[in-house]
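Report on the following structure.
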Amino acid sequence: MSKILIRGAKVLGGEPQDVLIDGETIAEVGTGLSAEGAEVVEAGGKVLLPGLVDLHTHLREPGREDSETVLTGTRAAAGGGYTAVFAMANTFPVADTAGVVEQVYRLGQEHGYCDVQPIGAVTVGLEGRKLAELGAMHESAAGVTVFSDDGKCVDDAVIMRRALEYVKAFGGVIAQHAQEPRLTEGAQMNEGVVSAELGLGGWPAVAEESIIARDVLLAEHVGSRVHICHLSTAGSVEIVRWAKSRGIDVTAEVTPHHLLLTDELVRTYNPVYKVNPPLRTERDVMALREALADGTIDIVATDHAPHPHEDKDCEWAAAAMGMVGLETALSVVQETMVDTGLLTWAGVAERMSFKPAEIGQAKDHGRPVSAGEPANLTLVDTEYRGSVDPAGFASRSRNTPYEGRELPGRVTHTWLRGKATLVDGKLT
């Protein structure tokens, strides 16, 4: 078994320490460590974090391999410091059966750049009319515990109630894409001053907030767990905060782009800024940052949504919604949360590793950086600053809103169970 000695790393942003990896586990953490024959990585004060976990990734395979594959998506994940990702169900065919989730799971095992945990669809074909095979997907080799129709909302209250009741039996969670469809017909961007000036169909905050309000009450009534995907408005924050104060079992995520970008960017008519839910106002952005800092929002999830060039290089109304995010997420969080003093690096570890692993029940991920734990780790050069060049992305798609933008931080190394997947910023 190989040994790796990471020397002088700031574990979770603390004082420099040495970390010895022996095989698949962390053997020792301390100062002045040595190990005969070990490969030495001089951290030089870089920050060492547990491997990141993304609860919301679109890998597109099967069916849309022109956008992304499990291989390219997991390579992008490793480049961004991730050791586990949860793959959304809106593939072709939809991941609504044991067979499809097992296919995705085994592709992840085969490629090995990070662990892939499939998310199962809540309803057959994401159509919102009939529950999918939730129990069969859970009992499959993939061991699905998170279910979502992401891309579409489970808008039927009876179906949502039944889903919450069903997963309660095995400790699962329903991850809701909160979007009341009747309130967003023809919507192109956030409803507000900018949409009025541009003459684009508005996407009101209440379309998200009304579904969240309904679903936290359903979760309370049933005694089950609900997770809110890509929460984006100040009003949604207040509803989740109220629900948690009431003891309702709700968790929520925010994307990096909703922590940084606003609807003012839509004035460019550049479809790279078209996303679901839409970019909101500066007030919303600030509310989301505060909620992530105080724990109302539990985690950061990328909603990595790759699209081929032709689906974005077109007029705004015809463009697909979504942004890639795995390879820039940590940099955006550093800029918006760490460099602003809202979070420590330990807080980043909580929101990008520990908590998402807990919500998704990702075995061996989101573990402490201590002896005896799995060696799922990422090393970050927090002093680095550079402009984003999508030509260097491992993702098959390039639809990033940060092209040419200077962002802080760079992941230099990622280890999955002691095996390097990224070394000096290059995939192995």
[Y] and [X], any side-chain heavy atoms less than 4.5 Å apart:
| X | Y | value |
| --- | --- | --- |
| Met88 | Cys229 | yes |
| Tyr402 | His257 | yes |
| Ile26 | Leu377 | yes |
| Leu379 | Val41 | yes |
| Val285 | Leu260 | no |
| Val167 | Leu134 | yes |
| Tyr273 | Met189 | no |
| Leu326 | Glu68 | no |

Using 0.5 Å steps for rounding, measure from the [atom1] atom of [X] to the [atom2] atom of [Y].
| X | Y | atom1 | atom2 | value |
| --- | --- | --- | --- | --- |
| Thr412 | Tyr384 | OG1 | OH | 12.0 Å |
| His56 | Asp54 | NE2 | CG | 8.0 Å |
| Leu12 | Phe354 | CG | CZ | 5.0 Å |
| Asp389 | Thr400 | CG | OG1 | 10.5 Å |
| Asp156 | Glu127 | CG | CD | 13.5 Å |
| Gln176 | Leu231 | CD | CG | 12.0 Å |

Heavy-atom count check: over 12 atoms from other residues, nucleotides or ligands less than 6.0 Å from [X] [atom1]?
| X | atom1 | answer |
| --- | --- | --- |
| Phe92 | CZ | no |
| Glu406 | CD | yes |
| Glu15 | CD | no |
| Lys10 | NZ | no |
| Lys419 | NZ | no |
| Arg283 | CZ | no |

Practice problem: Take Leu55 and Ile299 through the side-chain contact (heavy atoms from CB on, under 4.5 Å) test and state the conclusion after the steps. | Solution: CA-CA 9 Å; Leu55 201 64; Ile299 67 170; 3.7 Å; yes

What I want to check is whether the side chains of [X] and [Y] have a donor and an acceptor closer together than 3.5 Å.
| X | Y | result |
| --- | --- | --- |
| His365 | Thr83 | yes |
| His309 | Asn399 | no |
| Thr123 | Asp149 | yes |
| Thr72 | Thr69 | yes |

| Please walk me through it: do Lys152 and Asp150 pass salt bridge (charged side-chain N to carboxylate O under 4.0 Å, His left out)? | CA-CA 5 Å; Lys152 295 183 179 180; Asp150 184 64; over 6 Å; no

Qualifying residue, where the test is side-chain hydrogen bond (donor to acceptor under 3.5 Å, both in side chains) with His230 and the options are Gln179, His177, Glu253, His258
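Result for side-chain hydrogen bond (donor to acceptor under 3.5 Å, both in side chains) with His230: His177.
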
Considering all heavy atoms, the nearest [X]-[Y] contact:
| X | Y | answer |
| --- | --- | --- |
| Gly360 | Thr145 | O-OG1, 3.1 Å |
| Gly8 | Asp18 | N-OD1, 2.9 Å |
| Pro308 | Asp66 | CG-OD2, 3.7 Å |
| Ala243 | Val250 | CB-CG1, 3.8 Å |
| Leu218 | Ala157 | CD1-O, 3.9 Å |

Given Met337, which partner from the list Val300, Thr344, Val348, Leu292 fulfils the side chain to side chain contact (heavy atoms under 4.5 Å, CB included) test?
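By the side chain to side chain contact (heavy atoms under 4.5 Å, CB included) criterion, Met337 pairs with just one of Val300, Thr344, Val348, Leu292: Leu292.
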
Review point. Are the charged groups of Arg417 and Asp115 less than 4.0 angstrom apart, N to O?
Key: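 Looking at Arg417 and Asp115, the cut-off is met.
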
query = Is Asp294 salt-bridged to Arg241, cutoff N-O under 4.0 Å?
reply =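 Salt bridge: yes.
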
Are any side-chain N or O atoms of [X] and backbone N or O atoms of [Y], one a donor and one an acceptor, separated by less than 3.5 Å?
| X | Y | answer |
| --- | --- | --- |
| Asp313 | Glu310 | no |
| Lys312 | Lys274 | yes |
| Arg289 | Leu259 | yes |
| Asp263 | Asn190 | no |
| Glu208 | Ser232 | yes |
| Thr57 | Leu59 | no |
| Arg385 | Thr382 | no |
| Ser331 | Pro408 | yes |
| Asp298 | Ala252 | yes |
| Glu327 | Ser395 | yes |

- Message: Is the ring pair Trp415/His413 parallel, tilted or perpendicular, if the boundaries are 30 and 60 degrees?
- Response: parallel

Take Glu42 and Arg7 through the salt bridge (charged side-chain N to carboxylate O under 4.0 Å, His left out) test and state the conclusion after the steps. CA-CA 5 Å; Glu42 296 290 353; Arg7 186 176 284 154; 3.0 Å; yes

Check the pair Arg225 / Ile248 against side-chain contact (heavy atoms from CB on, under 4.5 Å), numbers first and verdict last.
CA-CA 8 Å; Arg225 298 171 60 210; Ile248 297 173; over 6 Å; no

Partner of Glu165 by salt bridge (charged side-chain N to carboxylate O under 4.0 Å, His left out), out of Arg162, Arg161, Lys168:
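It is Arg161; the other options fail the test.
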
request  = Could you give me the CA-CA distance, side-chain angles and deciding distance for Val324 and Arg398, then say whether side-chain contact (heavy atoms from CB on, under 4.5 Å) is met?
outcome  = CA-CA 7 Å; Val324 291; Arg398 302 287 182 266; over 6 Å; no

Exercise for the section: Start with the C-alpha distance between Glu209 and Thr233, add both sets of side-chain angles, then the distance that settles side-chain hydrogen bond (donor to acceptor under 3.5 Å, both in side chains), and finish with yes or no. Expected result: CA-CA 8 Å; Glu209 295 157 6; Thr233 78; 2.6 Å; yes

Go through the steps to decide whether Val11 and Val19 satisfy the test side-chain contact (heavy atoms from CB on, under 4.5 Å), and finish with yes or no. CA-CA 9 Å; Val11 178; Val19 177; 4.1 Å; yes

